[in-house]
Amino acid sequence: MNMQFNRELFSPQELKRMYGVSEEDAARKSENDRKIRQVLDGSSDKLLLVIGPCSADREDSVIDYISRLRPLQEKVEDKIVIVPRIYTNKPRTTGAGYKGMLHQPDPVADPDLFRGLVSIRKLHLRALKETGFSSADEMLYPENHLYLSDLLSYVAVGARSVENQQHRLVASGLDIPVGMKNPTGGDLSVMMNSINAAQHGHTFIYRNWDVSSNGNGYAHAILRGYVDSHGASHPNYHYDDLRRLADLYAAGDYMNPAVIVDCNHSNSGKKHGEQGRIAKEVLHSCRESDTVGRLVKGLMIESYIEDGCQKSGENSYGKSITDPCLGWDRTERLVLELADLL
């Protein structure tokens, strides 16, 4: 075997014992879970807003950012349910580059997975304890979900993972909503098959156990645009795209048909300043069609303290080290504008 075993890591159970969740914080997470499920099953007409940095790179600035979301949530609580993005794993198209806090708790230091596991749990735990938000993370590595399973209220399966069998099987056993992104090539049938698989029960191997799942009725679609064979980005958030997705849902036997529109990535061509315009267009499409309005449950926006992204070695506080994000002033203004449009 052409790999080196560096050191054995602690189990999820051991990490949870070291950094446990209080009864009060567990109750806050349970309430957050309920509000998110209500949006996705249609019993609430609020908008789900999954918002935050492209990648969680450092604890201090991420907590600073999320702390700013709390008073904003209170201002729009009658219209919007905010779920902060704390993405501690970062997929890389070529395999090179910063892979997230799990790998590099210090983004300019060498990888340290031992410290990384502690860092990501402490970050999510601190966010819950200090702000009341139980956050979203990307399930890049399904076998690692148990390290954070008692802290997360939302999970996304990325465009490069959505066709993977293990992601689908593990998603079927989660008790929180899972968003399935369309693949980078744009084939919506791949995403719909993934949703279907996640909504049904399975028996499979997970962390050396023979496990059975009951299916996750809150697995749903995330539209993030796509890239064609020539490398050009194309959006899939327009009215016709949303109607097409509604037709795909109607043609199958799905629980809680829902979509969240990712306003960045290929939908914006990674032009982060376009996210506000895209979000408003989606809401306009919802007003134009009851079918679209019932299907669209939320938006995903990449946002941080400072606008844009930084170059390697810049070390700017609150500025993305991966994809560019909306800065806080533009974010706050956008969220209030969206609430006014609802």
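The analysis underlying the following values was restricted to heavy atoms, covering all of them including side chains, and did not include hydrogens, waters or symmetry mates.
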- Assess whether side-chain contact (heavy atoms from CB on, under 4.5 Å) is satisfied between His145 and Asp137, documenting all intermediate values. CA-CA 10 Å; His145 177 76; Asp137 205 339; over 6 Å; no
Indicate whether any N or O donor in one side chain lies under 3.5 Å from an N or O acceptor in the other, for [X] and [Y].
X: Gln38; Y: Arg34; value: yes
X: Tyr317; Y: Asp64; value: yes
X: Ser189; Y: Asp187; value: yes
X: Ser153; Y: Lys35; value: no
X: Ser67; Y: Thr131; value: no
X: Ser316; Y: Glu314; value: yes

- By side-chain contact (heavy atoms from CB on, under 4.5 Å) - contacts of Pro177 (at least two apart):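 With sequence neighbours excluded, Pro177 shows a side-chain contact (heavy atoms from CB on, under 4.5 Å) to Ile36, Arg37, Leu40, Tyr154, Tyr218, His220, given in chain and number order.
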Using 4.0 Å as the upper bound for N to carboxylate O, is an ion pair formed by [Y] and [X]?
X: Arg28; Y: Asp25; result: yes
X: Asp150; Y: Arg121; result: yes
X: Lys29; Y: Asp33; result: yes
X: Arg126; Y: Glu59; result: yes

Do side-chain atoms of [X] reach the backbone of [Y] as a donor and acceptor pair under 3.5 angstrom?
X: Arg160; Y: Thr184; value: no
X: Arg85; Y: Cys54; value: yes
X: Lys297; Y: Ala258; value: no
X: Gln73; Y: Ile80; value: yes
X: Asn32; Y: Gly132; value: yes
X: Ser194; Y: Val162; value: yes
X: Ser161; Y: Val157; value: no
X: His200; Y: Asn196; value: yes
X: Asn236; Y: Asp241; value: no
X: Gln104; Y: Ala109; value: yes

I'd like to check [X] versus [Y] (side-chain heavy atoms, cut-off strictly below 4.5 Å). Are they in contact?
X: Phe10; Y: Val118; answer: yes
X: Leu245; Y: Met192; answer: yes
X: Ile301; Y: Leu334; answer: yes
X: Leu47; Y: Val39; answer: no
X: Ile51; Y: Val335; answer: yes
X: Leu336; Y: Val76; answer: yes
X: Arg70; Y: Ile82; answer: no
X: Arg243; Y: Ser289; answer: yes

- Query: Passes side-chain contact (heavy atoms from CB on, under 4.5 Å), His265 versus Glu302? Steps please.
  - Reply: CA-CA 9 Å; His265 295 97; Glu302 292 194 318; 3.4 Å; yes
Ignoring hydrogens, what is the shortest heavy-atom contact between [X] and [Y]? Give both atom names and the distance.
X: His124; Y: Ala136; result: CE1-O, 4.2 Å
X: Ser266; Y: Ser233; result: OG-OG, 3.7 Å
X: Gln310; Y: Lys319; result: NE2-O, 2.6 Å
X: Gln166; Y: Tyr206; result: NE2-CD1, 3.9 Å
X: Leu295; Y: Pro257; result: CD1-C, 3.9 Å
X: His103; Y: Leu113; result: CA-CD2, 3.8 Å

Gap separating the [atom1] atom of [X] from the [atom2] atom of [Y], nearest 0.5 angstrom:
X: Ser11; Y: Lys16; atom1: OG; atom2: NZ; result: 9.5 Å
X: Ile176; Y: Met139; atom1: CD1; atom2: CE; result: 9.0 Å
X: Leu152; Y: Thr88; atom1: CG; atom2: OG1; result: 8.0 Å
X: Leu117; Y: Leu148; atom1: CG; atom2: CG; result: 8.5 Å
X: Tyr87; Y: Thr322; atom1: OH; atom2: OG1; result: 12.0 Å
X: Glu332; Y: Leu69; atom1: CD; atom2: CG; result: 10.0 Å

- Task: Please determine which of Arg277, His272, Lys271 meets the side-chain hydrogen bond (donor to acceptor under 3.5 Å, both in side chains) test together with Glu274.
- Result: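 Between Glu274 and the candidates, side-chain hydrogen bond (donor to acceptor under 3.5 Å, both in side chains) is satisfied uniquely by Arg277.
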Do [X] and [Y] sit in the same hydrophobic cluster, where Ile, Leu, Val, Met, Phe, Trp and Tyr count as joined when their side-chain heavy atoms come under 4.5 Å apart?
X: Val227; Y: Tyr237; value: no
X: Val259; Y: Met191; value: yes
X: Met300; Y: Val83; value: yes
X: Tyr239; Y: Ile278; value: yes
X: Leu338; Y: Val261; value: yes

More than 12 heavy atoms of other groups within 6.0 Å of [X] [atom1]:
X: Asp45; atom1: CG; answer: no
X: Lys79; atom1: NZ; answer: yes
X: Glu74; atom1: CD; answer: yes
X: Asp78; atom1: CG; answer: yes

- Query: Parallel under 30°, tilted from 30 to 60°, perpendicular over 60°: which one fits the rings of His234 and Tyr226?
  - Reply: parallel
- Measure up the Tyr254 and Tyr249 rings against each other and bin them: parallel (under 30°), tilted (30 to 60°), perpendicular (over 60°).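 The rings of Tyr254 and Tyr249 stand perpendicular, inter-plane angle above 60°.
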- Task: Check the pair Leu102 / Tyr141 against side-chain contact (heavy atoms from CB on, under 4.5 Å), numbers first and verdict last.
- Result: CA-CA 11 Å; Leu102 172 63; Tyr141 309 106; 4.1 Å; yes
- Item | Worked verdict on Ser55 versus Asp57 for side chain to side chain donor-acceptor pair (under 3.5 Å) | CA-CA 6 Å; Ser55 56; Asp57 55 343; 5.9 Å; no
Determine all donor-acceptor pairs shorter than 3.5 Å in which one atom belongs to a side chain in residues 281-288; sequence neighbours excluded.
{"unit_1": "Glu281", "atom_1": "OE2", "unit_2": "His238", "atom_2": "ND1", "d": "2.6"}
{"unit_1": "Ser285", "atom_1": "OG", "unit_2": "Glu281", "atom_2": "O", "d": "3.2"}

